[in-house]
Every structure is written in C-alpha cells, then in structure tokens.
Amino acid sequence: MKKNIIVGLAVVLMLASCNKDEKILSTLNEYNNTMVEKGYHFGDKLELPKEVTENAESISISFGDKETSSLTVDPKFFTLGDNAVTFNIKTKGGKTLNQDATINVFAKNPEKNIAYQIIAEYPHDPKNFVQGFQVEGNTIYESDGQNGSSQILKYTLGTTTPLASTKQAQEDFSEGSTIVGDKVYQLTWQSKKGYIYDKSSLKLLSEFAYPNVLGEGWGLTYDGKNLIASDGSKLLYFLDVNDPSKLIKYVAVAGSSQIYDQLNELEYHNGFIYANVWQKPVVLKINPATGEVVGTFDFTDIAGQNTKGSDDVLNGIAFKGDNMLVTGKNWPKIYEVQIK
C-alpha cells in the first residue's frame with residue numbers, strides 16, 4: 001500500500017511538472033505571437049513573461065549556427081526583417097524546453113514618401129521585357145528578358161534602335177545588369193550564372209557562377225566597390241567584382257513596420273540603393289550599410305498608364321544626373337522624373 005502511494009505521488013508530481021512545462025511553452029508562444037506584428041528594433045530587450053523567466057535557470061536563443069544568451073536585439077546576431085529562431089529554456093527542474101518563433105526586426109525611423117515630378121518622356125521599345133536598366137551619358141544599356149529572346153543591348157536615349165546587342169542562349173532568361181568600368185555585367189534568372197561583356201561592342205568576354213547562397217538572379221548594381229545582387233528575397237548580396245562567385249556580405253531589407261522582399265531591379269546612386277518591388281509600382285531607397293528603407297517612391301500613376309496585364313510592370317531604374325529614369329516591361333515610354 002505504501003509503495004502504491006509513493007508511485008501515485010510520483011505520477012502526480014510528474015504530471016504537475018509536465019503541466020508546468022506546457023504552461024511555460026504556451027505562455028512563451030502567446031508572447032511571441034503578440035510580438036510578430038509589433039516587432040522589435042535594434043537595442044530592444046525581449047521582455048519575456050514572468051511565467052517563463054521565473055521558472056528558467058537559463059534562456060538562450062539560437063538562430064542558424066549562432067546562439068546567444070542575451071535577450072537584447074543585437075544587430076550582430078539578428079538581421080532586419082524576419083528571423084526564424086528557437087528559444088532554448090533550461091528549467092529549474094533540470095529540463096530543456098525548445099520553442100520555435102519568428103522575431104521581426106524593423107527600422108526605427110518611418111520611411112519618407114519621396115515626391116517627384118515628370119519632366120520628360122522618351123520612347124521605349126515595347127518589345128523589350130526590361131530586366132536590367134542603366135544609363136551612361138546619353139546611352140541606355142538594357143537587359144531584355146524571356147527565354148528564347150533574351151539579350152543585352154544599348155541604344156541612344158530618345159531612340160529605340162540598338163547600337164549593339166548580343167543574344168543569350170535559348171535556355172537563358174536575362175535579368176539584372178550593371179556597368180563596371182569598360183564592362184557590363186549581366187545576371188540570368190535560373191541558369192545560376194552571369195555574363196561579362198565589353199561595354200563598347202557588347203561582345204561576350206566571360207561568364208561566372210553565382211555563390212551558392214544566391215538562389216536566383218534578379219537585380220544587379222555596382223557601388224564602386226562591390227556588385228550588389230537581389231534574388232527576389234528580402235536580402236541584398238554584395239559580391240566581389242573581381243570574382244562574382246565570392247560573397248562578401250549580405251543585408252536584409254525592412255522598413256519601420258514591414259519587411260520588403262521581391263526586390264528586383266537595382267540601381268546605386270549617391271550612397272543609396274534603389275530597388276523596385278516586383279509587381280508593385282513602388283521604388284525603395286535603401287541604406288546599403290543597414291538595409292533600412294529610408295524612403296519610397298509611389299509610381300502608381302505612371303504604372304497605371306502602362307500596365308495592362310500581369311507582366312508589363314514597373315521594372316527599370318536609372319539615374320541621369322540627379323534625375324531618375326523610370327520604365328517597365330514592354331512599356332512604350334521612359335519617364336524622366338525630378339526628385340523634389
């Protein structure tokens with residue numbers, strides 16, 4: 001009888017312990033869910049519920065191959081945007097509990113709405129499915145997409161007649177492009193490689209493989225030191241211009257209340273990265289050091305005049321002095337806008 005009482009007591013204690021563990025995890029999960037939309041900023045401290053902290057001997061957060069016992073949102077550990085993490089809790093009872101969560105980190109300052117006015121319009125060949133777009137002097141360099149018709153071409157602003165062009169292979173889908181000195185670099189969408197051309201003749205000089213972390217090729221620009229590429233995610237990848245297969249670093253992109261992904265055509269100008277958001281009439285102004293979106297351009301009116309279907313969307317950013325040139329896939333016009 002005494003033995004049965006002891007066994008029964010052990011069962012009760014075990015159930016109580018299990019219930020407490022479940023309560024800790026449930027409380028932590030509720031807290032995490034309430035913070036997903038609100039998010040955090042760098043420097044914020046995670047104020048975990050007492051149900052968790054008072055029953056924990058230690059708490060750590062693991063993120064990929066990193067782990068920290070600090071509950072402060074540190075940029076050395078977290079990135080802007082969504083961070084998939086795991087809370088590791090060692091209870092005072094000696095158990096280890098794990099809870100997956102998403103920690104959203106937003107920029108502290110709201111994005112500014114940047115005003116502009118259209119000051120000129122130029123013709124654009126509506127057959128061109130713009131993927132990469134830049135201007136040097138009065139010459140436009142354009143990467144034209146679609147399997148079977150992809151090419152790199154250049155023409156004088158104000159005309160649509162190519163001065164030079166080079167076709168890609170049938171299996172290639174041309175994507176972003178950028179000028180580096182006397183060369184033009186161009187990405188492909190899913191071929192996992194890019195091309196380098198002579199800027200004058202657009203003769204193909206060489207090709208390069210992507211670093212493994214770059215899933216697809218979307219946008220491309222050059223900051224005077226590194227290539228900067230996008231792959232449709234929230235990330236911008238900095239690549240070694242002398243060896244584009246080598247990743248230097250990456251930054252995640254977010255504003256004060258949202259994470260930005262689908263980053264597509266890129267342009268670097270006066271210390272900032274400009275990126276259009278795929279399928280939206282929006283261009284972001286991004287701090288390349290942090291990934292913070294400091295401003296946005298709303299090109300709804302321009303896009304509305306040229307977008308008739310799901311493919312002919314805004315997708316072209318270039319700078320002519322301090323004015324921005326804007327166009328899109330299969331658009332008949334290029335717009336020059338003055339930034340106010």
Side-chain angles (χ1 to χ4, degrees), residues 41-43 73-83 104-114 132-136 175-181 184-187 194 210-211 213-278 280 282-297 315-326 339:
H41 302 102
F42 288 130
V73 181
D74 188 338
K76 294 179 181 178
F77 186 79
F78 297 97
T79 69
L80 281 175
D82 52 333
N83 297 264
N104 285 330
V105 183
F106 298 124
K108 285 188 176 181
N109 300 312
E111 304 91 310
K112 294 180 179 179
N113 294 318
I114 303 174
F133 187 72
Q134 52 274 308
V135 63
E136 187 177 82
E175 282 284 349
S177 59
T178 194
I179 298 169
V180 179
V184 178
Y185 287 63
Q186 181 191 41
L187 300 181
Y210 296 165
V213 69
L214 194 65
E216 297 179 342
W218 283 45
L220 188 68
T221 191
Y222 178 59
D223 66 1
K225 182 179 179 181
N226 298 308
L227 296 171
I228 304 170
S230 63
D231 65 353
S233 70
K234 66 172 183 177
L235 300 177
L236 295 173
Y237 304 88
F238 291 70
L239 310 179
D240 187 336
V241 69
N242 297 312
D243 180 9
S245 301
K246 180 181 177 182
L247 176 71
I248 303 297
K249 66 174 183 176
Y250 64 83
V251 296
V253 175
S256 61
S257 62
Q258 65 177 304
I259 300 159
Y260 290 99
D261 59 5
Q262 300 290 291
L263 304 174
N264 201 10
E265 216 267 313
L266 306 177
E267 187 74 17
Y268 183 87
H269 179 69
N270 284 352
F272 291 93
I273 299 169
Y274 295 79
N276 84 290
V277 180
W278 170 240
K280 294 183 179 180
V282 173
V283 170
L284 310 177
K285 182 180 181 180
I286 304 165
N287 182 334
T290 62
E292 177 182 354
V293 177
V294 300
T296 61
F297 294 83
N315 199 90
I317 311 163
F319 275 89
K320 184 174 179 283
D322 285 328
N323 293 338
M324 183 188 292
L325 298 180
V326 180
I339 300 170

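Computed from a predicted structure; not experimentally measured.
Nearest heavy atoms, Pro211 versus Ser245: CB-O, 3.3 Å. Closest non-hydrogen pair, Pro288 versus Tyr268, comes out as CG-CE1, 4.3 Å. Ile179 and Glu136 get closest at one heavy-atom pair: CG2-OE2, 3.7 Å. The heavy-atom pair separating Glu111 from Tyr260 by the smallest distance is OE2-OH, 2.8 Å. Closest approach of Ala275 to Leu266, counting heavy atoms only: CB-CD2, 3.5 Å. Nearest heavy atom pair, residue Ala252 against residue Leu80, reads CB-O, 3.0 Å.
Not counting sequence neighbours, the partners of Asp82 by the salt bridge (charged side-chain N to carboxylate O under 4.0 Å, His left out) test are Lys234. Judged as a salt bridge (charged side-chain N to carboxylate O under 4.0 Å, His left out), and not counting sequence neighbours, Lys285 has no contacts. For the ring-ring contact (aromatic ring centres under 6.0 Å, His included) test, residues two or more places apart in sequence or in another chain that qualify with His269 are Phe319. In this structure, the side chain to side chain contact (heavy atoms under 4.5 Å, CB included) partners of Val241, at least two apart in sequence or on a different chain, are Val180, Tyr185, Tyr222, Leu227. Considering only residues two or more places apart in sequence or on other chains, Phe297 meets the ring-ring contact (aromatic ring centres under 6.0 Å, His included) condition with Phe299. Applying the side-chain hydrogen bond (donor to acceptor under 3.5 Å, both in side chains) test to Ser177 and every residue at least two apart in sequence or in another chain returns Gln134.
The closest donor-acceptor contact from the side chain of Glu265 to the backbone of Phe133 lies under 3.5 Å. Side-chain atoms of Asn264 never come within 3.5 Å of backbone atoms of Trp278 as a donor-acceptor pair (strictly under, hydrogens ignored). Of the possible polar contacts, none joining the Ser230 side chain to the Trp218 backbone as a donor-acceptor pair under 3.5 Å is found. One N or O on the side chain of Asn83 and one on the backbone of Gly81 form a donor-acceptor pair closer than 3.5 Å.
How far OG1 of Thr296 is from CD1 of Ile114: 6.5 Å, rounded to the nearest 0.5 Å. Here CG of Asn242 is found 9.5 Å from CG of Asn226. Values are rounded to the nearest 0.5 Å. The CZ atom of Phe42 sits 12.5 Å away from the NZ atom of Lys76 when rounded to the nearest 0.5 Å. Here the straight-line distance linking atom CG of Asn109 with atom NE2 of His41 works out to 8.5 Å at 0.5 Å rounding. Considering CG of Asp322 and CG of Asn270, their distance stands at 5.5 Å, rounded to 0.5 Å.
When each of Thr178, Ile286, Val251, Leu236 is tested with Ile228 by the rule side-chain contact (heavy atoms from CB on, under 4.5 Å), just one qualifies, namely Leu236.
Around atom OH of Tyr210, more than 12 heavy atoms belonging to other residues, nucleotides or ligands sit under 6.0 Å away.
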Worked check of side-chain contact (heavy atoms from CB on, under 4.5 Å) between Leu263 and Leu284: CA-CA 9 Å; Leu263 304 174; Leu284 310 177; 3.7 Å; yes
Residue pair Leu235, Thr79: steps toward the side-chain contact (heavy atoms from CB on, under 4.5 Å) verdict: CA-CA 10 Å; Leu235 300 177; Thr79 69; 5.7 Å; no
Gln186 vs Leu220, side-chain contact (heavy atoms from CB on, under 4.5 Å): CA-CA, chis, key distance, verdict: CA-CA 8 Å; Gln186 181 191 41; Leu220 188 68; 6.0 Å; no
Residues Asp223, Ile273; criterion side-chain contact (heavy atoms from CB on, under 4.5 Å); working and verdict: CA-CA 8 Å; Asp223 66 1; Ile273 299 169; over 6 Å; no
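Side-chain atoms of Leu247 and Leu239, non-hydrogen and from C-beta on, do get closer than 4.5 Å to each other.
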